There are 2 protein chains.
Amino acid sequence: MPDPVNVAAVGLGRWARILAKQYTQLDNVNLVTCFTRTEATREAFAEDFGCDADESLEDVLARDDVEGLIITVPNDYHADVIEQAADAGVNCFVEKPISIDIEDAKRIQDAVERNDVVFSVGHSCRRVGGIRKTKEMIESGEIGEVSHVEAEWANERGLELTADNWRSDPAKAPGGPLVQLGVHQIDNLQYLLGPVKQVFTYGKPIYTEIENFTMSQTVLEFESGQQAYLGANWTSPGVFFINTYATEGVLFYDLDFANWSNSEDTDENSTLVLREFEEWTEDKDERKLRDLDVEVPDTNHLRDEVEEFANAIRDPDVEPEVGAEDAMRNVAVVLAAQRSANENRPVDVQEIIDEG
Amino acid sequence: MPDPVNVAAVGLGRWARILAKQYTQLDNVNLVTCFTRTEATREAFAEDFGCDADESLEDVLARDDVEGLIITVPNDYHADVIEQAADAGVNCFVEKPISIDIEDAKRIQDAVERNDVVFSVGHSCRRVGGIRKTKEMIESGEIGEVSHVEAEWANERGLELTADNWRSDPAKAPGGPLVQLGVHQIDNLQYLLGPVKQVFTYGKPIYTEIENFTMSQTVLEFESGQQAYLGANWTSPGVFFINTYATEGVLFYDLDFANWSNSEDTDENSTLVLREFEEWTEDKDERKLRDLDVEVPDTNHLRDEVEEFANAIRDPDVEPEVGAEDAMRNVAVVLAAQRSANENRPVDVQEIIDEG
């Protein structure tokens with residue numbers, strides 16, 4: 001077995017800790033240091049996770065023992081950090097979304113390509129057991145042909161948002177829940193159905209005093225001709241589902257959001273159900289449906305994504321599943337949806353990409 | 001107790017039998033005769049349901065004992081039959097949709113108003129226990145404020161459609177599943193959230209050889225500022241749900257489509273679940289959700305709608321819940337959705353109504 005990959009945590013907020021709790025249990029990852037601007041925060045993180053603390057990003061990148069960064073800084077700093085790291089030859093894992101505009105995504109893509117470093121974006125959601133299994137059942141043809149998909153990710157967090165939070169700023173969090181929650185489902189949808197061509201969105205602030213959207217509903221047309229619906233909302237208790245409609249079956253994937261961050265428990269707190277005909281009868285009124293529980297592969301979405309990142313650093317044949325190109329397309333869909341809602345018209349994803 | 005209301009069944013296809021099975025069990029309804037053009041069909045219906053058979057609509061309307069019609073003729077004949085009946089002073093119950101264009105809906109509205117007859121449209125779906133209870137829980141405020149709703153009605157019937165079926169003709173069945181299934185959900189959505197202002201739809205034929213839509217996904221903006229999604233599809237095994245998102249709870253209503261026509265069993269084959277916080281904690285990651293089964297009132301949607309029609313004939317204080325105005329607005333939303341998909345733009349419902 002090759003040596004574990006030495007990584008540094010950059011950005012040490014709530015999500016950095018949730019991720020570190022997972023990847024510090026991996027055999028192929030070794031957390032050596034961390035950095036954030038606030039000294040007390042980095043000291044606490046270093047103590048809790050048993051690693052060094054550096055005083056600047058430059059110090060982290062100057063170390064001989066750092067091979068990769070686990071980046072959870074604010075979205076609008078991703079490009080700066082990744083560019084600096086890539087130029088220093090350091091590999092980067094960054095939490096989704098890759099960026100909040102196409103310019104930054106293209107800067108990142110350019111930096112990682114010209115420096116030939118490993119780059120991976122934390123679209124962990126497609127890695128959960130139920131979505132892996134949904135993809136497998138679509139590809140095997142066992143549920144027939146997929147016509148449309150419905151995805152929702154809702155939680156209550158817009159109800160508590162105050163104007164001083166960065167999530168309340170449409171420039172820093174485009175579309176509000178669209179970029180924070182929706183981008184996961186957009187990745188799932190493009191994973192399942194391929195590239196999105198056009199979207200139309202209704203979105204607005206509701207039951208909040210902030211100016212950013214807290215509610216959004218989007219319909220999506222794919223290049224394949226298939227369609228989807230995406231609800232991304234901060235206005236209610238948590239809901240996460242993906243319904244996949246095919247000619248011979250419908251798959252209902254439900255995940256208990258309360259177990260999203262405890263990624264070792266996400267699968268066991270989710271369900272994948274297949275609806276199909278018990279028996280096909282000529283008489284339409286005699287057809288009975290049945291719902292069957294589907295067994296899904298056991299995963300740990302937050303651990304697996306970092307494990308793959310480390311594998312890709314050691315093994316040139318391993319390529320991270322979600323790189324700059326796919327991640328940029330996910331953000332482009334978010335931005336197309338935001339523009340659609342603001343301008344009350346359908347928006348082509350290519351229009352957004354071309355402008356970046 | 002007043003005398004039962006004498007009714008005649010006009011149009012004797014599959015749905016006429018499903019309805020008759022229900023209303024012939026009512027104390028306040030008495031089926032006296034029936035009519036359809038094909039003699040063998042009306043003789044068989046008359047024998048099965050123990051009533052007379054008349055040779056023409058004129059003969060039915062000329063009878064002294066017919067007070068109301070139960071009309072299930074094709075949608076594009078509704079206006080002709082209702083106009084003739086209303087002009088003869090006969091009350092009318094008509095299966096949804098009221099019509100397939102606004103001109104016919106306005107003709108019907110005019111005919112029933114100028115003759116002051118009772119008129120009711122068979123939007124039975126809002127009468128099921130789970131939707132009644134959803135409405136009650138919205139109005140009581142117990143789940144907080146509703147932001148958005150998601151509704152889907154899917155079945156497999158587009159996969160079997162041939163070009164010679166009237167449902168395959170976009171002029172006779174606008175939007176395909178939009179007018180046949182979606183109109184029920186549109187009525188439910190307007191029942192729950194008030195009038196729809198604007199819609200945007202992706203819709204097309206898929207996995208079929210017919211030219212009419214078999215797939216449609218619509219987002220709807222309401223005059224209230226609330227929003228909804230509607231999926232109406234003929235491309236998969238049956239799915240019916242309404243998800244209602246509110247600030248303190250989410251209601252999931254699911255109905256087993258296989259029990260739609262057996263309206264005495266519809267409620268017991270459906271579920272209403274409330275998702276809410278088990279306990280509210282400051283720490284976002286500690287909040288746990290729970291799902292509770294909600295008890296719903298016992299209903300029989302197909303029987304109840306005809307019972308109300310008969311009550312309204314006997315008692316001037318009873319007004320049918322869904323009259324010409326609401327039913328026309330339901331059709332207008334269907335037509336707006338169809339136009340939106342065809343023209344790839346959001347369409348105001350008022351635009352459709354104004355043209356009619």
Side-chain angles (χ1 to χ4, degrees), chain A residues 14 18 143-145 147-148 150 152 154-157 159-160 198 200-204 206-207 214-221 225-229 231 233 235-239 241 243 245-250 252 256-258 261-262 275-277 284-289 340 344-346, chain B residues 14 18 143-145 147-148 150 152 154-157 159-160 198 200-204 206-207 214-221 225-229 231 233 235-239 241 243 245-250 252 256-258 261-262 275-277 284-289 340 344-346:
Chain A
R14 166 178 164 271
I18 286 169
I143 55 172
E145 299 289 337
S147 53
H148 65 291
E150 292 158 348
E152 167 83 44
N155 69 30
E156 74 286 4
R157 298 185 187 179
L159 303 171
E160 299 163 273
Q198 193 190 72
F200 182 90
T201 302
Y202 288 124
K204 56 174 81 79
I206 191 170
Y207 312 132
T214 55
M215 166 168 72
S216 78
Q217 295 184 287
T218 300
V219 280
L220 307 93
E221 187 157 57
Q226 292 161 311
Q227 299 181 174
Y229 159 75
N233 294 284
T235 57
S236 74
V239 175
F241 66 73
N243 304 329
Y245 294 76
T247 49
E248 290 165 36
V250 183
F252 301 93
D256 179 355
F257 177 74
S261 309
N262 314 318
R275 177 167 300 172
E276 60 174 17
F277 288 105
K284 296 174 172 62
D285 292 316
E286 289 300 314
R287 289 177 200 159
K288 299 285 175 215
L289 299 165
S340 171
N344 195 226
R345 65 174 176 94
Chain B
R14 167 177 163 272
I18 286 169
I143 55 172
E145 299 289 337
S147 53
H148 65 291
E150 293 158 347
E152 167 82 44
N155 68 32
E156 74 285 5
R157 298 185 187 180
L159 303 171
E160 300 163 272
Q198 194 189 74
F200 183 90
T201 301
Y202 288 124
K204 57 175 78 81
I206 192 171
Y207 311 133
T214 55
M215 166 168 70
S216 78
Q217 293 185 288
T218 301
V219 280
L220 306 94
E221 187 157 58
Q226 293 161 311
Q227 298 181 174
Y229 159 74
N233 294 284
T235 58
S236 75
V239 175
F241 66 72
N243 304 330
Y245 294 76
T247 51
E248 291 165 36
V250 183
F252 301 94
D256 179 355
F257 178 73
S261 308
N262 315 319
R275 178 168 300 173
E276 59 175 18
F277 288 105
K284 294 175 174 62
D285 291 316
E286 289 301 312
R287 290 177 199 159
K288 298 284 176 217
L289 299 165
S340 172
N344 196 228
R345 66 175 176 94

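Treat the numbers as computed from the prediction; the structure is a model and nothing was measured. Labels below follow one simple rule: chain letters A, B, ... track the order of the sequence lines, proteins then strands, and each chain is numbered from 1.
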Engineer: Does B:Val239 form a side-chain contact (heavy atoms from CB on, under 4.5 Å) with A:Tyr245? I'd like the steps, not just the answer.
Structural biologist: CA-CA 9 Å; B:Val239 175; A:Tyr245 294 76; 3.6 Å; yes

Engineer: Are A:Glu152 and B:Asn243 close enough that a side-chain donor and a side-chain acceptor fall under 3.5 Å?
Structural biologist: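 Result is no, nothing qualifies.
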
Engineer: Quick one: which of B:Leu220, B:Asp256, B:Ile143 has the most heavy-atom pairs under 4.5 Å with chain A, could you say?
Structural biologist: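 It is B:Leu220.
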
Engineer: If I measure from the heavy atoms of chain A, does B:Ala154 come under 4.5 Å with its side chain, its backbone, both, or neither?
Structural biologist: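 Looking at B:Ala154, just its side chain touches chain A.
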
Engineer: A:Gln198 and B:Tyr202: side-chain contact (heavy atoms from CB on, under 4.5 Å), yes or no, with the steps?
Structural biologist: CA-CA 10 Å; A:Gln198 193 190 72; B:Tyr202 288 124; 2.8 Å; yes

Engineer: Among B:His148, B:Lys288, B:Glu160, which residue has the highest count of heavy-atom pairs closer than 4.5 Å to chain A?
Structural biologist: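 Between B:His148, B:Lys288, B:Glu160, the count favours B:His148.
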
Engineer: Where on A:Gln227 is there a heavy atom nearer than 4.5 Å to chain B: the side chain, the backbone, both, or neither?
Structural biologist: both

Engineer: Using a cut-off of under 4.5 Å for heavy-atom pairs, which of A:Asn233, A:Val250, A:Ile206, A:Thr214 has the most such pairs with chain B?
Structural biologist: A:Asn233

Engineer: What orientation do A:Phe241 and B:Phe241 show, parallel under 30°, tilted 30 to 60°, or perpendicular over 60°?
Structural biologist: perpendicular

Engineer: Locate the shortest heavy-atom distance separating A:Arg275 from B:Gly238; write the atom from each residue and the value.
Structural biologist: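 It is NH1-O, 3.0 Å.
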
Engineer: Given the options B:Gly225, B:Gly231, B:Gly144, which has more heavy-atom pairs under 4.5 Å with chain A than any of the others?
Structural biologist: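 With the most close heavy-atom pairs to chain A, the winner is B:Gly225.
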
Engineer: Tell me, for B:Thr247 versus chain A, whether the close heavy atoms (under 4.5 Å) come from the side chain, the backbone, both or neither.
Structural biologist: both

Engineer: Determine, step by step, whether A:Phe277 and A:Leu289 satisfy the side-chain contact (heavy atoms from CB on, under 4.5 Å) criterion, reporting the C-alpha distance in whole Å, the side-chain angles of both residues, the deciding distance to 0.1 Å, and the verdict.
Structural biologist: CA-CA 4 Å; A:Phe277 288 105; A:Leu289 299 165; 3.5 Å; yes

Engineer: Of the listed residues (B:Gly249, B:Ala228, B:Ser147, B:Pro237), which shares the most heavy-atom pairs with chain A below a 4.5 Å separation?
Structural biologist: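 Result: the option with the highest number of such pairs is B:Pro237.
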
Engineer: When heavy-atom pairs shorter than 4.5 Å are enumerated against chain B, which of A:Ile18, A:Leu159, A:Asn344 gives the highest number?
Structural biologist: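 Of the candidates given, the most pairs with chain B belong to A:Asn344.
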
Engineer: If you tally heavy-atom pairs under 4.5 Å against chain A, which of B:Glu286, B:Arg14, B:Glu276, B:Gln226 wins?
Structural biologist: B:Arg14

Engineer: Using non-hydrogen atoms only, which part of B:Phe200 is less than 4.5 Å away from chain A: side chain, backbone, both, or neither?
Structural biologist: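 Contact with chain A involves both backbone and side-chain atoms of B:Phe200.
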
Engineer: Using only atom types and a distance under 3.5 Å, with no angle test, would you say the side chain of A:Thr235 pairs donor to acceptor with the backbone of A:Met215?
Structural biologist: no

Engineer: Please round to the nearest 0.5 Å and tell me the distance separating atom CD of B:Glu150 and atom CD of A:Gln217.
Structural biologist: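 One gets 6.0 Å once the value is rounded to the nearest 0.5 Å.
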
Engineer: Would you mind checking which part of B:Ser216 comes under 4.5 Å of any heavy atom in chain A, side chain (CB onward), backbone (N, CA, C, O), both or neither?
Structural biologist: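 Contact with chain A: backbone only.
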
